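Below is one structure; the comments refer to it alone.
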Amino acid sequence: MAPFPEIKSKHSLVAKHVTKEVWDKLGDHKTATSGFTLAKAIACATSFDNQHCGIYAGDWDSYKDFAAVFDPIIQEYHGISADARHTSDMDVSKLVGNVN
């Protein structure tokens, strides 16, 4: 197992949500699509000390495979609850504002 990383962005959402316990569970996992790892996802938070979020998904599987990290970060960043759902409405007649 890769050792628990030093997170340089101490006040980032990564620092808050990537705990030793989470790392021990997901630190060696690679996504099926591209072999993306949690270490790659949090590379900016471990490389720089000025990140607010500090995480990027490398592929679609990242969101599913690393949901224990991505879900709470996305929820906190956007101020949404865990059971929030996005609703799309493609009815153009409901558009308001200047769209010229």
Side-chain angles (χ1 to χ4, degrees):
M1 157 121 345
F4 185 69
E6 176 192 355
I7 299 171
K8 293 183 179 176
S9 292
K10 304 289 185 204
H11 301 290
S12 67
L13 294 176
V14 163
K16 181 176 181 179
H17 294 287
V18 179
T19 63
K20 174 98 168 73
E21 178 183 353
V22 170
W23 182 261
D24 288 346
K25 191 179 296 183
L26 299 173
D28 282 339
H29 180 77
K30 293 182 179 184
T31 63
T33 302
S34 66
F36 206 72
T37 64
L38 184 56
K40 290 177 182 177
I42 65 169
C44 61
T46 59
S47 298
F48 305 106
D49 64 2
N50 63 350
Q51 301 298 297
H52 175 67
C53 287
I55 193 165
Y56 295 93
D59 55 30
W60 174 245
D61 289 336
S62 297
Y63 292 106
K64 296 180 291 178
D65 295 0
F66 306 121
V69 176
F70 275 98
D71 288 355
I73 288 176
I74 291 167
Q75 291 160 15
E76 184 170 343
Y77 183 80
H78 291 287
I80 59 174
S81 66
D83 61 350
R85 296 289 175 252
H86 175 75
T87 304
S88 293
D89 185 348
M90 303 302 285
D91 183 351
V92 298
S93 69
K94 294 179 183 176
L95 291 176
V96 294
N98 184 357
V99 293
N100 292 330

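None of the values given here were measured: they were computed from a predicted structure.
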Answer yes if V14 and Y56 sit in the same cluster of Ile, Leu, Val, Met, Phe, Trp and Tyr residues linked by side chain heavy atoms under 4.5 Å apart, and no otherwise. no

Check A68 against P72 and note the closest heavy-atom contact, atom names and distance. O-CG, 3.3 Å

Determine the minimum heavy-atom distance between S62 and G58, stating which atoms define it. OG-N, 3.2 Å

Let me confirm one number: the CG-CG distance from L95 to D89, rounded to the nearest 0.5 Å. 9.0 Å

Rounded to the nearest 0.5 Å, the CD atom of Q75 sits from the CG atom of L13 at a distance of 11.5 Å

Kindly indicate whether the side chain of F66, heavy atoms from C-beta on, has any atom under 4.5 Å from the side chain of I55. no

Quick check for you: to the nearest 0.5 Å, what is the distance between I7 atom CD1 and S47 atom OG? 11.5 Å

Cluster check V18, F48: I/L/V/M/F/W/Y, side chain < 4.5 angstrom: no

Set of residues satisfying side chain to side chain donor-acceptor pair (under 3.5 Å) with respect to E76, sequence neighbours excluded: K16, H17

Cluster question for you: counting only ILVMFWY and a side-chain heavy-atom cut-off of under 4.5 Å, with indirect links fine, are Y63 and F36 together? no

Is the backbone of A39 close enough, under 3.5 Å, to the side chain of W23 for a donor and an acceptor to pair up by distance? no

Going by salt bridge (Lys or Arg N to Asp or Glu O under 4.0 Å), name the pairs with one or both residues in residues 64-74, residues two or more places apart or in two chains. D61-K64

Rounding to 0.5 Å, atoms CG (L38) and CG (L26) come to a distance of 6.0 Å

Name all pairs fulfilling the side-chain hydrogen bond (donor to acceptor under 3.5 Å, both in side chains) condition that reach into residues 4-14, sequence neighbours left out, sorted by first residue then second. none

So C53 and Q51, do their side chains get closer than 4.5 Å, heavy atoms only? no

